[in-house]
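Single-structure report; data block below.
Order of listing sets the numbers, starting from 1, for every ligand and every atom in it.
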Amino acid sequence: MADKPPLVCLDDYEDYASTHLDQVTLGFFKSGADEEISRDENRKAFSRLKLLPRVLRDVSKRDLSTTIVGNPIQFPVCIASSAFHRLACSDGEASTAKAAKAMNTCIMLSTYSTTPLEDVAAAGSGVLKWFQLYIWNPREVSVNLIKRAETTGFKALVLTVDTPATGKRRIDIYSGGFTLPPHLELVHLPERYRITSSDADQDYGGPKNLLDTTLTWECIAWMRSVTKLPIVLKGILSPEDALLAVEHKVDGIIVSNHGGRQLDTVPATIEMLPQIVKAVNGKLEVYLDGGVRNGTDVLKAIALGARAVFVGRPIIYGLVYAAKEGATQVLQILKDEFSLAMALSGCATVNDINSSLVVHQSELSKL
Ligand SMILES: Cc1cc2nc3c(=O)[nH]c(=O)nc-3n(C[C@H](O)[C@H](O)[C@H](O)COP(=O)(O)O)c2cc1C
Ligand SMILES: CCCCCCC(=O)C(=O)O
């Protein structure tokens with residue numbers, strides 16, 4: 001790595017990837033839907049929140065650890081599910097799992113992984129793994145995936161609920177429709193359903209009608225009938241849906257707008273977090289993703305009630321920089337920055353972090 005520049009913050013990894021990936025692949029990773037308003041808002045909203053630190057508290061020893069659905073992690077930053085890591089580095093999701101293991105945190109593996117979940121489980125043996133589920137047609141394909149995830153030690157199923165169809169990502173259309181290169185496939189799709197890379201009638205490497213668009217809240221009961229694993233819903237933005245998640249007794253929800261890749265002009269996730277935390281009133285765990293790029297972002301999300309945060313694009317950019325080492329560096333930077341932000345705001349443990357630390361900039365003059 002001697003020929004590589006020192007990278008000190010997560011934006012440096014994005015800059016590196018921007019100059020080292022081909023434009024089509026970069027476009028797929030980087031893009032949001034339509035005008036990319038929600039993608040950008042996720043970050044801007046963090047900067048509109050200001051921190052009010054407390055001083056003269058003993059922060060000499062800091063404990064960043066926590067649990068998610070009962071499983072310990074070293075610090076409250078986990079890897080969000082994202083598709084096609086072998087477009088970022090040759091070992092793809094196996095490298096990602098090794099990074100999660102090196103940093104003792106959770107990897108959420110995508111249904112759209114380019115590495116079979118058994119290989120990811122072997123690469124990340126002993127580390128906390130969640131499996132992100134898109135329910136595919138026919139349902140038996142998804143049942144089979146759920147069983148394989150159970151057998152290989154995944155500890156929760158994360159049902160993505162914001163994708164009854166793929167958002168309109170203009171860059172992918174300008175580039176002629178996103179396709180996987182011939183050496184990569186949707187490995188979790190049985191061969192008989194796969195399409196070839198030259199097939200015109202396809203959507204992100206699969207046939208067009210692959211996603212089950214009939215899903216309703218009843219699918220939670222269906223999932224319970226086929227698995228005993230905890231269920232987490234990813235893609236909740238409305239407090240009403242958060243209450244329905246409580247009613248359906250899921251184990252957790254991820255406040256997420258899919259990194260701004262689905263419905264554009266939805267609010268930033270950090271702006272919806274407080275209302276959702278209030279609505280669920282401690283009855284399930286609430287996590288957040290979208291635009292987390294600094295230790296201070298992590299501090300703000302935890303202060304506003306998230307149990308942990310997940311990061312998407314920065315992990316991919318870390319893989320582009322240096323495979324497992326690059327993704328590990330990204331996580332290490334977030335961990336160090338979070339630890340520093342805790343010290344500088346007077347928090348020795350994650351439990352010390354609370355909402356009194358965060359003020360919206362519009363409220364500052366009223367203090
Ligand atoms: C390139 C890319 C692929 C993604 N693939 C998936 C996926 O397969 N399943 C899923 O639930 N979410 C997917 N997401 C959404 C992420 O899980 C996450 O919600 C989002 O990236 C968080 O925002 P951030 O990138 O700003 O951290 C993807 C996001 C990106 C950028
Ligand atoms: C047909 C759904 C394709 C989704 C591909 C992965 C994903 O979630 C993304 O945001 O991209």
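- At a 4.0 Å heavy-atom cut-off, ligand 1 touches Arg313 through backbone and side chain alike.
- The shortest N or O to N or O distance between Ser110 and ligand 1 is below 3.5 Å.
- A salt bridge does not link Glu363 to Arg48: none of the charged side-chain nitrogens sits closer than 4.0 Å to a carboxylate oxygen.
- Residue Arg169 does not touch ligand 1, judged by heavy-atom distances below 4.0 Å.
- In this structure, Arg148 is not positioned above the aromatic face of Phe154 in the sense of NZ or CZ being under 6.0 Å from the six-membered ring centre and within 45° of the axis.
- The cationic atom of Arg169 (NZ for Lys, CZ for Arg) does not lie both less than 6.0 Å from the six-membered ring centre of Tyr174 and within 45° of the ring axis.
- Of the protein's non-hydrogen atoms, the one nearest atom 5 (N) of ligand 1 is Ala83 N, 3.1 Å.
- In Gln202, neither the side chain nor the backbone holds a heavy atom less than 4.0 Å from any atom of ligand 2.
- Residue Ser256 approaches ligand 1 through these ligand atoms, each under 4.0 Å from one of its heavy atoms: 19 (O).
- Annotation for ligand 2: atoms under 4.0 Å from non-hydrogen atoms of Ala83 are 6 (C).
- The residue among Arg293, Met108, Arg261 with a heavy atom at the shortest distance from atom 2 (C) of ligand 1 is Arg261.
- Nearest heavy-atom pair across Val141 and His188 is CG1-O, 4.3 Å.
- Aromatic ring orientation, Phe178 versus Phe84: parallel (interplanar angle below 30°, classes split at 30° and 60°).
- Within ligand 1, counting atoms from 1 as listed, the ones closer than 4.0 Å to a heavy atom of Thr160 are 10 (C), 11 (O).
- Considering backbone and side-chain N/O of Tyr112, none are found under 3.5 Å from N/O of ligand 1.
- Contact annotation for Leu211 and ligand 2: only side-chain heavy atoms (C-beta onward) come within less than 4.0 Å of the ligand.
- For ligand 1, the polar-atom distance check against Ala80 finds no nitrogen or oxygen pair separated by under 3.5 Å.
- For the ligand labelled ligand 2, residue Arg169 lies inside the 4.0 Å heavy-atom shell.
- Between Ile302 atom CD1 and Leu288 atom CG the span is 9.0 Å, to the nearest 0.5 Å.
- Within ligand 1, counting atoms from 1 as listed, the ones closer than 4.0 Å to a heavy atom of Phe29 are 1 (C), 31 (C).
- Remark: Phe131 CZ to Ser81 OG distance equals 9.5 Å, nearest 0.5 Å.
- Nearest to atom 28 (C) of ligand 1 by heavy atom, out of Gly259, Ser81, Gly312, Gly32, is Ser81.
- Contacts of Lys234 with ligand 1, taken as heavy-atom pairs under 4.0 Å, involve the side chain alone.
- Only side-chain heavy atoms of His258 come within less than 4.0 Å of ligand 2; its backbone N, CA, C and O stay farther off.
- Considering every non-hydrogen atom in both Thr214 and Arg139, the closest pair reads OG1-NH2, 4.3 Å.
- Considering backbone and side-chain atoms alike, Thr163 places every N or O at 3.5 Å or more from each N or O of ligand 2.
- Taking the six-membered ring wherever Trp is involved, the centroid distance between the rings of Tyr317 and Phe29 does not fall below 6.0 Å.
- Contacts with ligand 1 closer than 4.0 Å are made by no heavy atom of Lys30, backbone or side chain.
- Proximity of Ser82 to ligand 1, defined as any heavy-atom pair under 4.0 Å, is shared by backbone and side chain alike.
- For the pair Met103/Thr328, a side-chain contact is recorded, criterion being any heavy-atom separation below 4.5 Å from C-beta on.
- Atoms of ligand 1 lying under 4.0 Å from any heavy atom of Asp289, numbered from 1 in the order shown and given with element: 18 (C), 19 (O), 22 (C).
- Of the polar atoms of Tyr134, at least one N or O is found under 3.5 Å from an N or O of ligand 2, judged by distance alone.
- Of all the heavy atoms of Tyr134, the ones lying under 4.0 Å from any atom of ligand 1 belong exclusively to the side chain.
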